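I have placed the structure first, in the form of structure tokens, so that the comments after it can refer back to it.
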Amino acid sequence: MEKEQVKSSKLKTNKDLFLAFFRVGLLGFGGGPAAIPLFHREAVVNYKWMTEDEFGDTLALGNTMPGPIATKMAGYIGYRVNGVIGCLVALMATVVPTVGLMIILLGILQKYKNLEWVNSMSAAVVPVVGVMLAIMTWDFFQKSGKSLGMGRAILFTTLAVILLEFLNIHPAIVIFGILIVSLTSFKKGGDSK
Amino acid sequence: MIYWYLFLAFFIPGILGYGGGPASIPLVEKEVVDRYEWMTTQEFGEVLALGNALPGPIATKMAGYIGYAEGGIGGAIVALFASVAPSLILMVILMVTLLKYKDSPKVKNITKLVRPVIAVLLGAMTLQFFMTSIESSGTIQTIVLIIVSYWLLEIRKVHPAFVILMALVYGAVSGIV
């Protein structure tokens, strides 16, 4: 009886994982990064698989590492929720439908690739994704203010802008730097809570 | 042999592509057009344009399609595996290690200190999206779309899926008219 319940709840988890990442895959217009706000929506808001903080860490580490970001996020979140099976389910849901669509439509659309409405469809989605990213940016900044104090948050944000945007230092290097500093120093006073 | 070449052609961009899927596109082009000559620059451009018009992650769409074009279903699977697996495995291992120590104050500090960096990265991406939109849709249309989608998403709390669908329909209609 109990075993049955465990089995059916696992099945439900896999179904949830599949649906969540299927939606993200099919709605993420504009490449992998465009899907990040959608991942956030499903994993944190809808299904509460992880907290804001955990999502932030996952995104940070995902950005530090090479390779496509969408599959790293999907695979890791799937793994967190339901182990290797969850990882595979999330990956399949993210990748298979859109690749299938691409292979099928490429044959057909090759003929109509200059059609105006096809182009303007994808153009209209770009600002919407921009707004979603802006909202997330603001969220991260506010959280940062809460945990670090507004003064330090503004200082670190300014520093990050200088390093990333003006000096063009690769985010991987900046994030690795923070990792190393956090793990080696802060013997005292670092733990504010 | 084609499977081995496909694996190499997508493994290398996957491992070197820092900055998400779009960052690996020029690396994929180098392999597919220059090294293995599976496609001309023109053909690659067309595949990329269509890939950008369709939903979903771009790196896997490119890998899946080119793999399929060169080696059928087996080729698609090999190319997808090569672009997805190495970076994902690395990610899972590192995150699991990090989570083990997540209650230590040092690891907590990472989260706190990384947050402003993420905010800046997201902010930069936001700007990029707005700039792209101004280039392709014009300034006025971009501003109108920004205001309307902000109002729908944040004030009316409409699910992003619906907002995206509305934008698609709007785009298609405005392209026909």
Side-chain angles (χ1 to χ4, degrees), chain A residues 25-29 31-33 53 56-57 60-61 65-72 75-76 79 95 98-99 101-103 106 109 116-117 120-131 133-134 136-137 140-141 144 147-148 156-157 160-161 164 171-172 174 178-179 182-183 186 190-191, chain B residues 14-18 20-22 50 53-61 64-65 68 84 87-88 90-92 95 105-106 109-123 125-126 129-130 132-133 136-137 142 145-146 149-150 160-161 163-164 167-168 170-172 174-176:
Chain A
L26 278 190
L27 292 171
F29 282 88
D53 281 351
D57 289 346
L61 203 78
M65 263 173 301
I69 183 74
T71 50
K72 271 183 295 186
Y76 173 70
Y79 180 81
V95 169
T98 58
V99 170
L101 211 63
M102 175 101 176
I103 290 172
L106 234 135
L109 276 181
E116 186 53 35
W117 68 272
S120 73
M121 231 166 101
S122 50
V125 172
V126 175
V128 179
V129 176
V131 169
L133 287 169
M136 267 175 74
T137 308
F140 266 92
F141 182 69
S144 194
S147 64
L148 291 167
F156 285 142
T157 306
V161 170
L164 296 168
V174 176
I178 291 172
L179 241 121
S182 305
L183 292 176
F186 290 104
D191 186 18
Chain B
I15 281 295
L16 295 176
Y18 281 89
L50 199 80
L54 290 176
I58 183 72
T60 49
K61 268 182 299 186
Y65 176 71
Y68 180 78
V84 168
S87 56
L88 176 60
L90 211 64
M91 170 106 180
V92 170
M95 280 304 286
K106 285 181 180 178
N109 258 316
I110 296 176
T111 305
K112 271 197 268 178
L113 293 175
V114 161
R115 236 180 236 149
V117 177
I118 298 294
V120 171
L121 287 174
L122 286 170
M125 242 158 72
T126 308
F129 269 87
F130 288 153
T132 308
S133 178
S136 60
S137 309
T142 299
L145 283 167
I146 287 172
S149 57
Y150 180 80
V163 182
I164 287 172
L168 284 173
Y170 166 78
S174 76
I176 291 168

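Quick caveat: nothing in here was measured; it's all calculated off a predicted structure. A, B, ... follow the sequence lines: proteins, then strands. Residue 1 opens every chain.
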Based on non-hydrogen pairs under 4.5 Å, which of B/S137, B/A172, B/S174 is most in contact with chain A?
B/A172
Between B/L145, B/V163, B/T132, which shows the greatest number of heavy-atom pairs under 4.5 Å with chain A?
B/L145
Under 4.5 Å from a heavy atom of chain B, the part of A/V174 involved
side chain
Please state whether the side chain, the backbone, both or neither of B/T60 comes within less than 4.5 Å of a heavy atom of chain A.
both
For B/T142, all residues meeting side chain to side chain donor-acceptor pair (under 3.5 Å), sequence neighbours excluded
B/S133
With side-chain contact (heavy atoms from CB on, under 4.5 Å) as the test, would you mind laying out the steps for B/V114 and A/D57 before giving the verdict?
CA-CA 8 Å; B/V114 161; A/D57 289 346; 5.5 Å; no
If I measure from the heavy atoms of chain B, does A/F156 come under 4.5 Å with its side chain, its backbone, both, or neither?
both
Judged by atom type as modelled, is there a donor-acceptor pair below 3.5 Å linking the side chain of B/K61 to the main-chain atoms of B/P55?
yes
Given a strict heavy-atom distance threshold of 4.5 Å, which part of A/L27 is in contact with chain B: side chain, backbone, both, or neither?
both
Work out which heavy atom in A/T137 is nearest to a heavy atom in B/G123; give both atom names and the distance.
OG1-N, 3.4 Å
Value rounded to 0.5 Å, distance of CD1 in B/I118 from CG in B/L113:
12.0 Å
With sequence neighbours left out, the residues meeting side chain to side chain contact (heavy atoms under 4.5 Å, CB included) with A/S144 are A/L148, A/A153, B/R115, B/P116
Chain B contacts, top residue of A/P127, A/A134, A/A160 (heavy-atom pairs, under 4.5 Å)
A/P127
